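Bear in mind the structure is a predicted one, so any value in this text is a computation, not a measurement.
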2 protein chains.
Amino acid sequence: MPRSTRRRPALAHPEPEQIDLFDVLHALSDPTRMTIVSVLRAEPERVCGTFPVNVAPSTLSHHFKVLREAGLIRQREEGNRRFSALRAVDLEQRFPGLLDSILAAHARTAEEAQEAQEAEEGGGA
Amino acid sequence: MPRSTRRRPALAHPEPEQIDLFDVLHALSDPTRMTIVSVLRAEPERVCGTFPVNVAPSTLSHHFKVLREAGLIRQREEGNRRFSALRAVDLEQRFPGLLDSILAAHARTAEEAQEAQEAEEGGGA
DNA sequence: TACGATGTTCTACGAACATCGAATTTGGTG
DNA sequence: CACCAAATTCGATGTTCGTAGAACATCGTA
C-alpha cells in the first residue's frame with residue numbers, strides 16, 4: 001500500500017455530464033477566477049502558486065475549489081505542488097462553443113483595459 | 001411638454017460598448033434571470049408580469065433591474081405596462097457569439113431537466 | 001529530525017445578493 | 001372621482017460570496 005500518495009482526500013471533480021451551467025457562469029463571473037481560466041487556456045498545466053493574481057494564498061485556494069467543483073479545471077497533486085489544468089475537452093463536450101466565446105469576450109475586455117491604461121499613462125501623466 | 005410620458009426617471013441602459021462581461025455572466029448565473037432571457041430570445045417583446053417564473057412581483061422587478069443594468073435587456077414603458085426586449089444585436093456586437101452559446105447551453109440543460117422529470121413521472125410513479 | 005516551501009482548512013467579517021411584504025406611484029376604467 | 005391593475009421602491013431578513021489571518025498538513029531537503 002503506497003504511503004506517499006493520497007493521504008488527503010481525493011480531489012472531487014464532477015463528471016462531464018454533471019457540469020452545471022449556472023455553476024460555470026458563476027465561477028467565471030469573478031475576475032480572479034476568469035484570469036486563472038484565461039491563463040490556463042494557453043498552457044496545458046500550471047502550479048497553483050504561479051498565477052498572476054493578487055490575493056492571499058487562502059483566497060486563491062478557495063477560488064481553485066470553486067473552479068474545480070464547477071468542473072472548469074482539473075487538479076492533480078504531485079508531491080507538494082498541485083497542478084491545475086483547464087477541462088477544455090469536457091467543457092466542449094458538455095457545452096459546445098461556450099468556453100471559447102466567453103474567453104473570447106474576456107480577451108476583448110482585457111484588450112480594452114490595456115488600451116485604457118496605456119491612454120491614461122500617455123495622456124494623463 | 002408632454003405630461004403623460006416620463007414622469008418616472010428614465011430607465012438606465014448601458015451603451016453597447018459599456019456592457020461588462022462580468023455583469024453579464026453574473027446576471028445569467030441566476031436561474032430566474034436566465035429564464036427571462038431565454039423566453040425573451042423567442043419573441044421580440046413581452047410584458048413584465050407574464051414571465052413563467054415563481055417569484056414575488058418585487059423580486060421580479062429586482063431581476064429586471066439587474067438584467068437591464070447589465071445591458072441584457074431593454075425596457076420601455078407603455079402606459080401602465082413595461083415591455084422588455086432582449087438586446088440581441090447590441091450583445092452580438094459587443095461579444096460575438098456569447099449569448100448564443102450561453103442560451104444554447106441553457107437549452108441543453110433545460111432539455112435534460114425535462115427528460116429527468118418525464119423519467120421520474122413515467123418510471124417512479 | 002528539523003526546517004522551509006506549498007497549499008489547505010478553519011474561522012471570521014463586511015459586502016453583496018435573493019427574497020418577500022408593505023406602501024407607493026402611475027395609468028386605465030367604471 | 002373612486003377603484004383596480006401593473007409595477008416599482010423601500011425596508012427587512014437570511015444567505016452567499018470574496019477576502020484574509022492563523023493554524024495545520026504534506027513534501028523535499030539539509
Side-chain angles (χ1 to χ4, degrees), chain A residues 1-13 20 22-37 45-70 72-85, chain B residues 2-13 20 22-37 40 45-70 72-85:
Chain A
M1 198 172 182
R3 201 185 312 159
S4 57
T5 61
R6 221 38 66 69
R7 288 281 194 76
R8 285 184 277 192
L11 295 170
H13 293 88
D20 182 76
F22 295 113
D23 290 345
V24 170
L25 295 179
H26 169 251
L28 293 180
S29 69
D30 178 87
T32 300
R33 292 192 290 259
M34 178 69 89
T35 298
I36 292 172
V37 170
E45 264 187 337
R46 196 172 182 123
V47 177
C48 285
T50 66
F51 284 84
V53 295
N54 298 331
V55 292
S58 57
T59 304
L60 191 57
S61 190
H62 161 71
H63 285 313
F64 277 118
K65 185 182 179 186
V66 172
L67 287 170
R68 176 164 41 83
E69 293 182 346
L72 278 163
I73 65 172
R74 188 176 298 280
Q75 292 188 298
R76 68 177 180 91
E77 295 175 324
E78 185 177 303
N80 218 357
R81 295 192 297 268
R82 185 170 287 191
F83 287 86
S84 297
Chain B
R3 201 185 312 158
S4 57
T5 59
R6 224 35 69 70
R7 290 280 195 78
R8 283 185 279 192
L11 295 170
H13 294 89
D20 181 78
F22 295 113
D23 291 344
V24 170
L25 295 179
H26 168 252
L28 293 180
S29 69
D30 180 89
T32 299
R33 292 192 290 258
M34 178 69 88
T35 298
I36 293 172
V37 170
L40 236 34
E45 265 187 337
R46 197 175 183 121
V47 178
C48 284
T50 65
F51 285 85
V53 295
N54 299 331
V55 292
S58 56
T59 303
L60 192 56
S61 191
H62 160 72
H63 285 313
F64 278 118
K65 185 181 179 187
V66 171
L67 287 170
R68 175 164 40 82
E69 293 183 345
L72 278 162
I73 66 171
R74 189 176 297 279
Q75 290 188 300
R76 69 177 181 90
E77 295 175 322
E78 184 176 304
N80 218 358
R81 296 193 296 268
R82 185 170 288 190
F83 287 87
S84 297

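For a distance-only test at 3.5 Å, the side chain of A/S58 qualifies as a donor-acceptor partner of the base of D/dG21. Between the base of C/dA18 and the side chain of B/T59 there is no donor-acceptor pair shorter than 3.5 Å.
Taking side-chain N and O atoms only, A/R81 has no distance below 4.0 Å to OP1 or OP2 of D/dC27. For B/H63, a side-chain nitrogen or oxygen approaches OP1 or OP2 of C/dT19 to under 4.0 Å.
Remark: C1' of C/dA18 and CZ of B/R33 are 8 Å apart, rounded to the nearest angstrom. In this entry the distance linking CG of A/L25 with C1' of D/dC17 reads 17 Å, nearest Å. Remark: P of D/dA6 and CG of B/L60 are 13 Å apart, rounded to the nearest angstrom. Between the CG atom of B/D30 and the P atom of D/dT16 there is a distance of 13 Å, given to the nearest Å. Between the CZ atom of A/F22 and the P atom of C/dC17 there is a distance of 17 Å, rounded to whole Å. Summarising the geometry, the separation between NE2 on B/H62 and P on D/dT15 is reported as 17 Å, rounded to the nearest angstrom. Rounded to an integer number of Å, the gap from A/R82 CZ to C/dT9 P is 7 Å. The distance from atom CD1 of A/I36 to atom P of C/dG7 is 12 Å, rounded to the nearest whole Å.
Distance from the side chain of B/P57 is smallest to D/dT8 among D/dT8, D/dT26, D/dA20. Of the candidates C/dA18, C/dG21, C/dT8, the closest approach to any side-chain atom of A/S61 belongs to C/dT8. Among C/dC20, C/dA18, D/dT8, the nucleotide with an atom closest to any side-chain atom of B/Q75 is D/dT8. Taking only side-chain atoms of A/V47, from C-beta outward, the nucleotide of C/dA5, C/dG7, D/dT8 with the closest atom is C/dG7. Closest to the side chain of A/N80, out of C/dT19, D/dT26, D/dT19, is D/dT26.
Without hydrogens or angle criteria, A/R33 side chain to A/A27 main chain gives a donor-acceptor distance under 3.5 Å. The main-chain N or O of A/S58 is never found under 3.5 Å from a side-chain atom of A/S61 such that the two would form a donor-acceptor pair.
With contacts defined as side-chain heavy-atom distances shorter than 4.5 Å, the pair B/T59/B/V53 does not qualify. Side-chain atoms of A/R68 and A/S84, non-hydrogen and from C-beta on, never get closer than 4.5 Å to each other. Residues B/L72 and B/L28 meet the side-chain proximity criterion, which asks for heavy atoms closer than 4.5 Å.
Within the nucleic acid shown, A/V66 has no heavy atom closer than 4.0 Å to any nucleic acid atom.
Closest-nucleotide positions on DNA chain C for A/F64 and B/A56 were compared, and the one nearer the 5' end corresponds to A/F64. Between A/E78 and A/S29, the one whose closest nucleotide on DNA chain D sits nearer the 5' end is A/S29.
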